[in-house]
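Have a look at the structure below before the remarks.
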Amino acid sequence: MNCPDLEQLAGFQTDAVDAAQRRRIGEHIAACDACRRELAALEGAVRSVSLLPEPAMPDDLWPGIAARIAPRPHPVAAWWRALAGAGVLATLLVGSLLAFRTEPPLPAASAEASAYVTRHDLLSAQDPLADRAGLAVRLIAAEDRP
Amino acid sequence: MKTRAFLPLLLIVAAVLAAGGWQWTQYRRVDGRTGRQWLALVEQAAQTVPYRAEGHTITDGKQARFTVDQGTGGRYRMRLVDAKGRCCSLGNDGARTWYTAENTAESMATDDRLAAATPRGRITGTAMIAGRSAVLLAVHSGPLRKLIAVDRRTGIVLSMRTLFRDKPVSEMQLDKIDYREDIPAVKAPSTATVLQAATSQELAKLLGQPVLYPGRLPQRFTLKGTYVDRCSGCQMDKAVLRYTDGLSTLTLFEMRNGMMCAMGNGCQMAPGDNALVETRTFGNLTVAAVGTLSAKELDRILDSLK
């Protein structure tokens, strides 16, 4: 076997190679001084890195990441929601206007009020567009009132 | 982007078309007359064209049949019988309008000192009514709307449908009409006269203060007559002012000492579907306003009395 490259040595050192490859590399290292030195240097470098202090995470790191990876509303969906809201508001507005336009029901007539209307109708009987037949029917009906 | 650029232009074209359509309905002509000219003819024919006719009506859901003799000068006599066989006679002899029913007979002076207003109307089509060719007109004023058919040769109203606040109130139609000169003279029976024409000075005298006139009236409303009304119950005289725009009508009853006992101040009533009543007190004067107007309009008129 030729000398393993640095990647194969690192795999051997971290146990990231399969059993057959590990066996071949191990047999080669046992017989090769240069590879043993290389492996020793690699182990020394790994030990040096492990001795370095672990860097502290800044407090504002995660909120920034979280804000960036949070699910955002779809722009089209937002537009539809705004439109639906405007529709509901417009319906309420138009409904309110129509409700205010409708005149409330009035109380029933008294005989006195009916007498005024009869006078009013008779005064109007000479108008060219007066409905005299309708007036006559009402005059008969007025006799039924107490 | 292109649609947005054309939108103002489309709106302008739509507005022009709408305005043109409205103008067309206002100035549409039949036999060379516009709707307003037909209504002026109706007013003239009611005074000058004699005829005898039979017809039927449905008013406030009640059916009745009638005959009418129409003379000249506004004279007429109508006899009407309802579905229960009850009769009513209504007429005018040129000076007084009267009516007689089973238990009531009253008359009132006809005050023609002031000219009537001609309402606005538009032509909606033509039809055959009572065997006569008719022009159809739609006339409206405030909440009152009438759809009438007018004889194209004489100007006589052959049918009339009345709606108040978009609710059908009455329908009248002539089934047969005979234009003739020999209509017998109409004479009012001697009945109690409940309304007599009076000047504003006479009215002020009976009220003990100047008559209150509305400072604000609906468009085209004019004063048509002033009367004194003697109530057969309380014997209190009332001043009566009558206004019209040729279609809608308003009558103001003014009397001293708040004698509208049963109604009370500010009371508003709907005696039928053809008119509303509202009352108000001004110092020693009580006023009842009756009209084929909306309650808000009656309110505004009462507010403007001075």
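Everything numeric in this text was worked out from a predicted model, so none of it was measured. First the proteins, then the strands, lettered A, B, ... as listed; each starts at 1.
By number of non-hydrogen pairs under 4.5 angstrom with chain A, the leading residue of B:Thr97, B:Leu195, B:Asn92 is B:Asn92. Your options are B:Asp82, B:Thr57, B:Asn103, B:Val42, and the one with the most heavy-atom pairs under 4.5 Å with chain A is B:Asn103. Annotation: maximal heavy-atom pairing with chain A below 4.5 Å, among B:Met172, B:Glu102, B:Lys62, B:Glu171, occurs at B:Glu102.
Using a 4.5 Å cut-off between heavy atoms, B:Ile58 does not touch chain A at all. If you measure heavy-atom distances from B:Arg86 to chain A, the contacts under 4.5 Å come from both the backbone and the side chain.
One distance of note links CG of A:Asp121 with OH of B:Tyr99; it measures 10.5 Å at 0.5 Å rounding. For the atom pair B:Ser107 OG and A:Leu122 CG, the distance stands at 9.5 Å (nearest 0.5 Å). Note that CD of A:Gln126 and CE of B:Met108 are 11.0 Å apart. Values are rounded to the nearest 0.5 Å. The distance from atom OG1 of B:Thr59 to atom CG of A:Leu135, rounded to the nearest 0.5 Å, is 9.5 Å.
Under a cut-off of 6.0 angstrom, the local environment of CD in A:Glu38 is sparse, with at most 12 non-hydrogen atoms contributed by other residues, nucleotides or ligands. Shown here is A:His28, whose NE2 atom has more than 12 heavy atoms of other residues, nucleotides or ligands within 6.0 Å. At most 12 heavy atoms of other shown residues, nucleotides or ligands fall within 6.0 angstrom of atom CG in B:Asp166.
Heavy-atom minimum distance, B:Phe253 versus A:His120: CZ-N, 4.4 Å. Residue B:Glu43 comes nearest to A:Pro128 through the heavy atom pair CG-CG, 3.5 Å, listed as atom of the first residue, atom of the second, then distance. Taking each heavy atom of B:Met160 and A:Leu129 in turn, the nearest pair found is CE-O, 3.4 Å.
Looking at A:Leu139 and B:Thr104, their side chains never come closer than 4.5 Å, going by heavy atoms from C-beta outward. You'll find the side chain of B:Thr251 stays beyond 4.5 Å of the side chain of A:Arg119, heavy atoms only.
The pair A:Asp131-B:Arg161 fails the salt-bridge criterion, with no side-chain N (NZ, NE, NH1 or NH2) lying under 4.0 Å from an Asp/Glu carboxylate O.
The cationic group of A:Arg132 lies under 6.0 Å from the six-membered ring centre of B:Tyr76 and within 45° of the ring axis, placing it in a cation-pi geometry.
Screening B:Thr249, B:Val290, B:Val240 against A:Leu123 for a side chain to side chain contact (heavy atoms under 4.5 Å, CB included) leaves a single residue, B:Val240.
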